[in-house]
2 protein chains.
Amino acid sequence: MPRFFIGPESDDTTRERILKAAILRFSTHSYEQTGFRDLAADVGVDPAYVHRCFGSKQKLFHEALKASLRPERLFVGGSDDLPSTLAREVLAECGANEIRPLDVVIRSFSSPEASRVLSDVLMDDFIAPMVEKRGPLSKKRAALVAALLAGVGILRDVIGADPLLDGDEAETQELIAQAIENLIDGDADNDLKEQSEPASVDDKAE
Amino acid sequence: MPRFFIGPESDDTTRERILKAAILRFSTHSYEQTGFRDLAADVGVDPAYVHRCFGSKQKLFHEALKASLRPERLFVGGSDDLPSTLAREVLAECGANEIRPLDVVIRSFSSPEASRVLSDVLMDDFIAPMVEKRGPLSKKRAALVAALLAGVGILRDVIGADPLLDGDEAETQELIAQAIENLIDGDADNDLKEQSEPASVDDKAE
DNA sequence: TTGCGTAGTCAACACTCGTTGACCAACGGA
DNA sequence: TCCGTTGGTCAACGAGTGTTGACTACGCAA
């Protein structure tokens, strides 16, 4: 059961085939590492054509990034299992032609050209949907959840930090899920550790 | 009170002045963005010389990164205030010629050349010292704390995510501190939410 | 005075990259 | 038949990169 379809073996238009190839490359390599020439070789066209199709590298990245984040797959269903769903997704194995929701994001944080795109898309297509679907939740808390997920993804898949790669995966997943739950529902008032009220809805960041 | 001294106005050797300039540049720009020519202009020498001083760009980055992480400033003192210390550090403002412990780290996650260095240094000079100084703590939990800190730093300073930039900073800090505390002391066994025992020391990642 | 190591400069090599303008082939409508 | 549009190729430009080898200037020791 592929988590996210990306099949190059379809009869799409050439532009769509390039876009899918771009998503796959951007989920494995950084913005700067990914060149028009590599992309063109993947699809079997001229490098100049992939440029003409999308106008500029930045626009191509924008489209690929937007298509790679699929919030409707993450923020559905009951709201209580959101932490474990997110924790599962960020640790999930995935085969060829599959990508996870944050794979493209975590590869291209550097490069100001890419991060200008990332800033907008991450806010509109990840944090905002999470706030919308998950009921009372400030954008700040959602951003912190995104930060944790991105950080784990980076340390694990980009850097290759051993403690997150081997060992008890179920334990890792549970730790992450609990931290997310804490970020969502935890009390933010200093020195008050009891959680009597159901999370204060203080959206100062809107 | 400067958090981390980096003063170019000293009478150091030229090599040391280059290294300090590199630390400053790497804390603001990514590995790929930072060129020998920029660095040379900062110090006022020839680009070829900064190369000869360090052998290669990767080696220069290695030295700069290692000098920028200063674990002895973070993991000292009583162990109970570690979460709030870390949360404060990652959100701290800092003026010119000052850097925060993870500033260099969060700028250069991309670029395989840099991440190969990052992997080792982050493990040896951040996660390992944290485990050592903080008593019973698995490397996995320490890595998750590092992931959260890095993620917050990236979303806030690299991407420029608004919800983490404006709004109540004290609340943000408290949320992060609680999440860290949860990652350090939280119970990892599934479906057991009470925290009676003082954190199981299960170092399967060593 | 000679010689040598150190500090530093200069010009250039060998790439790689995004981007562009000219060109070509096929097709559908007038 | 002509013609404009679409899909696509080709060669090249211009800028940027890390890196290298040859060279110069200085200070110190024999």
Side-chain angles (χ1 to χ4, degrees), chain A residues 8-26 28-65 104 107-118, chain B residues 8-26 28-65 104 107-118:
Chain A
E9 66 282 356
S10 55
D11 50 348
D12 297 328
T13 171
T14 307
R15 202 193 120 102
E16 285 165 338
R17 282 169 55 226
I18 296 175
L19 183 59
K20 290 182 176 179
I23 295 177
L24 282 181
R25 270 212 177 257
F26 280 131
T28 318
H29 304 75
S30 77
Y31 179 84
E32 332 228 23
Q33 271 181 275
T34 305
F36 281 139
R37 285 162 178 89
D38 309 313
L39 236 36
D42 287 348
V43 186
V45 294
D46 192 87
Y49 185 60
V50 10
H51 177 267
R52 297 198 101 91
C53 269
F54 294 88
S56 75
K57 190 180 180 181
Q58 207 172 14
K59 288 179 186 168
L60 166 61
F61 180 72
H62 184 97
E63 279 204 43
L65 175 62
V104 175
R107 291 281 168 181
S108 296
F109 273 117
S110 315
S111 166
E113 221 163 331
S115 67
R116 233 170 287 136
V117 176
L118 271 170
Chain B
E9 65 283 355
S10 55
D11 51 347
D12 296 330
T13 171
T14 307
R15 201 193 121 104
E16 285 166 339
R17 283 169 53 225
I18 295 175
L19 183 60
K20 290 182 176 178
I23 295 176
L24 281 180
R25 269 212 179 257
F26 279 131
T28 318
H29 304 75
S30 76
Y31 179 83
E32 333 228 22
Q33 272 181 273
T34 305
F36 281 138
R37 285 161 179 88
D38 309 315
L39 236 36
D42 287 347
V43 185
V45 294
D46 193 88
Y49 184 61
V50 10
H51 177 268
R52 298 198 99 90
C53 269
F54 295 89
S56 75
K57 189 179 180 181
Q58 208 172 13
K59 289 178 186 167
L60 167 61
F61 180 72
H62 184 97
E63 279 204 44
L65 174 62
V104 175
R107 291 281 168 183
S108 295
F109 272 118
S110 316
S111 166
E113 221 163 331
S115 67
R116 234 169 288 135
V117 176
L118 271 169

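To find a chain, count down the sequence lines: A is the first, B the second, and so on, and within it residues start at 1.
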So, B:Ser110 side chain and A:Arg107 main chain: donor-acceptor pair closer than 3.5 Å or not?
yes

Value in whole Å for how far the C1' atom of C:dG8 lies from CZ of B:Phe54
14 Å

Whole-Å distance, A:Leu39 CG to C:dC17 P, equals 12 Å

Between D:dG18 and B:Ser56, is there an OP1 or OP2 to side-chain N/O distance shorter than 4.0 Å?
no

Given atom CD of B:Gln58 and atom P of D:dT17, what is their separation to the nearest angstrom?
18 Å

Taking the side chain as every heavy atom from C-beta outward, state whether A:His62 and A:Leu65 have any pair of such atoms under 4.5 Å apart.
no

Mind checking the CD1-CG spacing from A:Ile18 to A:Asp12? Nearest 0.5 Å is all I need.
11.5 Å

Rounded to the nearest 0.5 Å, what separates atom OG in B:Ser108 from atom CD in B:Glu32?
8.0 Å

Could you go through nucleotides 20-24 of chain D and list every protein N or O atom that sits under 3.5 Å from one of its N or O atoms, giving the distance for each pair?
{"from": "D:dG21", "atom 1": "N7", "to": "B:Arg52", "atom 2": "NH1", "distance (Å)": "3.2"}
{"from": "D:dG21", "atom 1": "O6", "to": "B:Arg52", "atom 2": "NH1", "distance (Å)": "3.3"}

So CG of A:Leu19 and CZ of A:Arg15: to nearest 0.5 Å the spacing works out to 6.5 Å

Given atom NE2 of A:His29 and atom P of C:dC17, what is their separation to the nearest angstrom?
12 Å

Could you tell me the separation between the NZ atom of A:Lys59 and the P atom of C:dG18, rounded to a whole number of Å?
16 Å

Can you give me every donor-acceptor pair (side chain of residues 33-43 of chain B, partner residue at least two apart or in another chain, under 3.5 Å) with its distance?
{"from": "B:Gln33", "atom 1": "OE1", "to": "B:Ser30", "atom 2": "N", "distance (Å)": "3.2"}
{"from": "B:Thr34", "atom 1": "OG1", "to": "B:Ser30", "atom 2": "O", "distance (Å)": "2.8"}
{"from": "B:Asp38", "atom 1": "OD2", "to": "B:Gly35", "atom 2": "N", "distance (Å)": "3.2"}
{"from": "B:Asp42", "atom 1": "OD1", "to": "B:Arg25", "atom 2": "NH2", "distance (Å)": "3.4"}
{"from": "B:Asp42", "atom 1": "OD2", "to": "B:Arg25", "atom 2": "NE", "distance (Å)": "2.7"}

In whole angstrom, give the distance that lies between atom CZ of B:Phe36 and atom P of C:dC13.
20 Å

Distance from A:Glu113 atom CD to A:Ser56 atom OG, nearest 0.5 Å?
7.5 Å

Spacing between A:Glu32 atom CD and C:dC15 atom P, to the nearest angstrom
22 Å

Between A:Phe61 and A:Tyr31 (judged by ring centroids, cut-off 6.0 Å), do the two rings come close enough to count as a pair?
yes

Atom CD of A:Gln33 to atom P of C:dC15: distance rounded to whole Å?
20 Å

Evaluate the side-chain proximity of A:Pro47 to A:His51: yes if any heavy-atom separation is below 4.5 Å, no if none is.
no

Distances under 3.5 Å between protein N/O atoms and the N/O atoms of nucleotides 13-16 of chain D, please, pair by pair.
none

